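Since we're looking at a predicted model, the values are computed, not measured.
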Amino acid sequence: MGLRKTPIFILYQWIIAFPILFAITILVALVTIILSPLFPNSKLSYYPARWWGRVICKICFVRVKITGLEHLKPKQSYIFVLNHQSIFDIFVVYGWLPYIFKWLIKIELRKIPLVGIACESAGHIFINRRNPITTKHSIEKAEMQLKNGVSLVVFPEGTRTYTGEMGKFKRGAFQIASDLSLPIVPVTLRGSFERLHRNTIDVTPGTIEMQIHQPIEINQVVSVTSSVLMNVTWNVIHSSL
């Protein structure tokens with residue numbers, strides 16, 4: 001019998017873990033709303049979200065193992081491209097990716113109370129995929145911020161998996177990489193789907209692995225289209241699942 005099936009852990013989730021999660025999410029959102037305009041793109045304004053990601057994993061008994069950081073240069077801006085298995089992906093990226101970054105996220109998340117405002121204050125980029133004009137403007141806004149080590153994090157599937165299998169990628173991140181000649185960093189997340197399936201709040205304690213692959217240097221593949229780049233990145237991530 002797994003830990004999540006025991007009455008003790010189920011009670012722990014509802015009585016201790018979820019109330020703490022809810023409280024610190026409100027606290028971190030408020031602090032981010034205050035700090036981000038005062039200290040934009042600084043470690044100080046990003047620290048609360050990183051602490052938030054690590055605390056949530058800890059109280060849910062989720063361990064995180066990260067490999068491949070040696071492939072990255074500290075002051076380089078990157079386009080981080082990840083598969084999307086569950087909401088824990090967000091906690092892991094915030095907690096363990098040691099970069100100041102912007103999310104490229106769907107506009108619907110802007111409606112989440114406080115969290116949406118905090119994301120906007122931090123400069124994350126909302127995409128309205130139903131409106132090509134606003135999507136173009138959002139991508140242009142993202143491109144303006146990607147300098148001096150500020151990076152972009154994208155789940156190009158656009159949404160979490162229902163089955164654990166990787167979906168098709170959308171083109172936006174790869175177009176930005178081509179426009180700015182920024183390296184794409186494929187990142188494989190393993191174990192996140194097993195920790196929390198979509199449309200449930202039944203957490204299964206365990207380990208999530210984040211594997212950072214060798215960056216794909218755009219200036220070395222200038223003649224390659226964004227479609228080919230997208231397929232290459234998909235294959236690198238999928239091969240490590």
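- Residues V153 and V187 are not in side-chain contact: their nearest non-hydrogen atoms beyond the backbone lie 4.5 Å or more apart.
- Side-chain heavy atoms closer than 4.5 Å link hydrophobic residues (I, L, V, M, F, W, Y) into clusters, and following such links, even through other members, never connects L27 to I117.
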Original post:
Could you go step by step and tell me if I66 and I212 meet the side-chain contact (heavy atoms from CB on, under 4.5 Å) rule?
Top reply: CA-CA 8 Å; I66 180 170; I212 298 173; 3.9 Å; yes

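- Aromatic rings from F91 and W52 are positioned such that their centres are separated by under 6.0 Å.
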**OP:** Run the numbers on S45 and S36 for side chain to side chain donor-acceptor pair (under 3.5 Å), then give the verdict.
**Re:** CA-CA 5 Å; S45 62; S36 292; 4.7 Å; no

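- Residue pairs meeting the side chain to side chain donor-acceptor pair (under 3.5 Å) criterion with at least one member in residues 230-241: none, sequence neighbours excluded.
- Between Y99 and Y78, the ring planes are perpendicular. Angles over 60° get that label, and only those under 30° would be called parallel.
- Residues T159 and R198 are in side-chain contact: their nearest non-hydrogen atoms beyond the backbone lie under 4.5 Å apart.
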Subject >> V62 and T207: CA distance, side-chain angles, deciding distance, side-chain contact (heavy atoms from CB on, under 4.5 Å) verdict >> reply: CA-CA 6 Å; V62 172; T207 300; over 6 Å; no

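- Shortest non-hydrogen contact noted between H213 and I237 is NE2-CA, 4.4 Å.
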**OP:** Give the intermediate values and the outcome of side-chain contact (heavy atoms from CB on, under 4.5 Å) for residues I176 and L146.
**Re:** CA-CA 10 Å; I176 293 173; L146 302 183; 3.9 Å; yes

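- The two residues T32 and S121 make their nearest non-hydrogen contact at O-CB, 4.3 Å.
- When the side chains of ILVMFWY residues are joined at heavy-atom separations under 4.5 Å, either directly or via intervening members, W103 and I112 end up in a single hydrophobic cluster.
- Ion pair R110/E120 flagged as a salt bridge, since at least one NZ, NE, NH1 or NH2 atom sits closer than 4.0 Å to an Asp/Glu carboxylate oxygen.
- K75 has its side chain out of reach of N148: every pair of non-hydrogen atoms, C-beta onward, lies at least 4.5 Å apart.
- Between F80 and P186, the closest side-chain pair of non-hydrogen atoms is not below 4.5 Å.
- Evaluation of the salt bridge (Lys or Arg N to Asp or Glu O under 4.0 Å) rule for E165 yields no partner, not counting sequence neighbours.
- Counting all heavy atoms, side chain and backbone alike, Q145 lies closest to K102 at OE1-CE, 3.1 Å.
- What you find for P183 and Q76 is that their closest heavy atoms are CD-NE2, 3.5 Å.
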**OP:** Please lay out, stage by stage, how L241 and Q85 fare under the test side-chain contact (heavy atoms from CB on, under 4.5 Å).
**Re:** CA-CA 11 Å; L241 284 175; Q85 295 194 327; 3.9 Å; yes

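- In this structure, the side chains of L109 and V115 stay at 4.5 Å or more apart for every pair of heavy atoms.
- Centroid-to-centroid, the aromatic rings of Y94 and F101 come within less than 6.0 Å.
- Nearest approach of L97 to R50, heavy atoms of both residues: O-NH2, 3.6 Å.
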Subject >> Evaluation steps, side chain to side chain donor-acceptor pair (under 3.5 Å), between R190 and Q211 >> reply: CA-CA 8 Å; R190 294 185 295 269; Q211 181 180 355; 2.7 Å; yes

